[in-house]
Amino acid sequence: MTSKTIDPQTTLCFDHIELNDRPLIVCDIDEVVLEFVTPFQNFLKSGGRELLPRSFRLHGNIVQLETGEPVPDAMVPTLLEDFFLTQDVWQTPASQVAETLADLSSEADIVFLTAMPPRHTEVRRRLLDRHGLSAYPLLATEAPKGPVVKQLHDARDVPVAFIDDILRNLESVREHAPDCLLIRLMANAEFLAMAPAPTQGIESAENWDDAARIIRQHFLR
């Protein structure tokens, strides 16, 4: 069993994560473990705004319900901040996630890696715990995910898999941890249809059952 601390030049610490000598699965949170798009749409509607499915981005697609005019780009970070402050009111688990991760945890260590300001970690931890996801340690960072996965997995001679909905995060891990299995999974089908196609070496999973099948095939190689 090992315990690691990330590069001291960063603010991200691994001290709460203990890994056994078995495969590792690193999971993004928003749109992978927790629904994001639908809860965020509901949050926006509560404040007189709406997220329109016109392209795979937030800027330009959040509009005022009364006028249909896009909100200023500078307002988007504020809306996200307000959403994350109350995420435990809005967000719910993705379909099949709790059961699938419970099954996979008998074969692999599982770590959550979320692209979220670390100041919201406590709220997210409570939300995950409430939905039966308390067994999996959580890392929150706005830094690129590739170096984080590399340092987390280090030079261990066991398989590693990374699941995310955002292409740049998958490509970052591909660059820094080239032996890692990469899976693109997104809960919201409407926005998934507008997402960039996965690039070389990135698998697509339709749901958590499909992701588990891909992971187990990789572990058997």
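Bear in mind that the values here come from a model prediction, so they are computed numbers and not experimental data.
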If you group Ile, Leu, Val, Met, Phe, Trp and Tyr by side-chain heavy-atom gaps below 4.5 Å, do Phe40 and Met116 land in one group? yes
Minimum side-chain heavy-atom gap Leu182-Cys180 below 4.5 Å: yes
According to a 4.5 Å side-chain heavy-atom criterion applied to Ile, Leu, Val, Met, Phe, Trp and Tyr, with indirect links allowed, do Leu185 and Phe219 form part of one hydrophobic cluster? yes
Testing the 3.5 Å rule here: is there a donor-acceptor pair between the side chains of Gln96 and Asp209? yes
CG/Asp164 to CG/Leu113 distance, rounded to the nearest 0.5 angstrom? 8.0 Å
Measuring from Ile202:CD1 to Phe162:CZ, what's the distance to the nearest 0.5 Å? 9.5 Å
Rounded to the nearest 0.5 Å, what's the gap from CZ on Arg184 to CG on Asp28? Could you check? 12.5 Å
If you measure from the Lys or Arg side-chain nitrogens to the Asp or Glu carboxylate oxygens, is any gap between Arg125 and Asp129 under 4.0 Å? yes
Full working for side chain to side chain contact (heavy atoms under 4.5 Å, CB included) between Val33 and Phe112: CA-CA 9 Å; Val33 171; Phe112 291 154; 3.7 Å; yes
Whether Arg124 and Asp30 form a salt bridge (side-chain N of Lys/Arg under 4.0 Å from carboxylate O of Asp/Glu) is what I want to check. yes
Do the side chains of Asp154 and Leu19 get nearer than 4.5 Å, heavy atoms only? no
Working to the nearest 0.5 Å, report the span between CD of Gln41 and CG of Asn188. 6.5 Å
Answer yes if Tyr136 and Leu139 sit in the same cluster of Ile, Leu, Val, Met, Phe, Trp and Tyr residues linked by side chain heavy atoms under 4.5 Å apart, and no otherwise. no
With side chains defined as the heavy atoms from C-beta onward, is the minimum distance between Trp90 and Glu35 less than 4.5 Å? no
So do Val32 and Met186 actually touch side chain to side chain, heavy atoms under 4.5 Å? no
Starting from the C-alpha separation in whole Å, work towards a yes-or-no answer on side chain to side chain contact (heavy atoms under 4.5 Å, CB included) for Ile166 and Phe56. CA-CA 10 Å; Ile166 302 298; Phe56 194 70; 4.0 Å; yes
Is the number of heavy atoms from other residues, nucleotides or ligands within 6.0 Å of CD (Glu206) greater than 12? no
Cluster question for you: counting only ILVMFWY and a side-chain heavy-atom cut-off of under 4.5 Å, with indirect links fine, are Leu181 and Val149 together? no
Do Glu107 and Arg216 touch side chain to side chain, with heavy atoms closer than 4.5 Å? yes
Interatomic distance, OG1@Thr199 vs CZ@Arg168, rounded to 0.5 Å, equals 13.5 Å
If you draw a 6.0 Å radius around CZ in Arg126, do more than 12 non-hydrogen atoms from other residues or ligands fall strictly inside? yes
Run the side chain to side chain contact (heavy atoms under 4.5 Å, CB included) test on Arg156 and Leu24 for me, step by step, so that the C-alpha distance in whole Å, both residues' side-chain angles and the decisive distance to 0.1 Å come before the verdict. CA-CA 10 Å; Arg156 301 183 316 134; Leu24 171 65; 3.3 Å; yes
Indicate whether the side chain of His120 and that of Glu81 have a donor and an acceptor atom separated by less than 3.5 Å. yes
Are Val173 and Pro178 side-chain neighbours, meaning at least one heavy-atom pair lies under 4.5 Å? no
For the pair Arg22 and Asp109, find out whether any cationic side-chain nitrogen is under 4.0 Å from an anionic carboxylate oxygen. yes
Rounded distance (nearest 0.5 Å) linking atom CG of Asp165 with atom CD1 of Ile183: 13.0 Å
Leu51 side chain reached by Phe43 side chain, heavy atoms, under 4.5 Å: no
Checking side chain to side chain contact (heavy atoms under 4.5 Å, CB included) for the pair Arg49/Leu65: CA distance, chi angles, key distance, verdict? CA-CA 5 Å; Arg49 304 176 184 91; Leu65 280 172; 5.6 Å; no
May I ask you to decide whether Glu171 forms a salt bridge with Lys145, counting only side-chain N to carboxylate O separations under 4.0 Å? no
Do Asn61 and Ser55 have side-chain atoms, one donor and one acceptor, less than 3.5 Å apart? yes
Mind checking whether Phe14 and Gln151 have side chains closer than 4.5 Å, heavy atoms only? yes
Are Val158 and Ile110 grouped together when hydrophobic residues (ILVMFWY) are joined by side-chain heavy atoms under 4.5 angstrom apart? no
Please confirm whether the backbone N or O of Leu138 pairs with a side-chain atom of His16, one donor and one acceptor, at under 3.5 Å? yes
Between Thr86 and Asp82, is there a donor-acceptor pair closer than 3.5 Å when you use the side chain of the first and the backbone of the second? yes
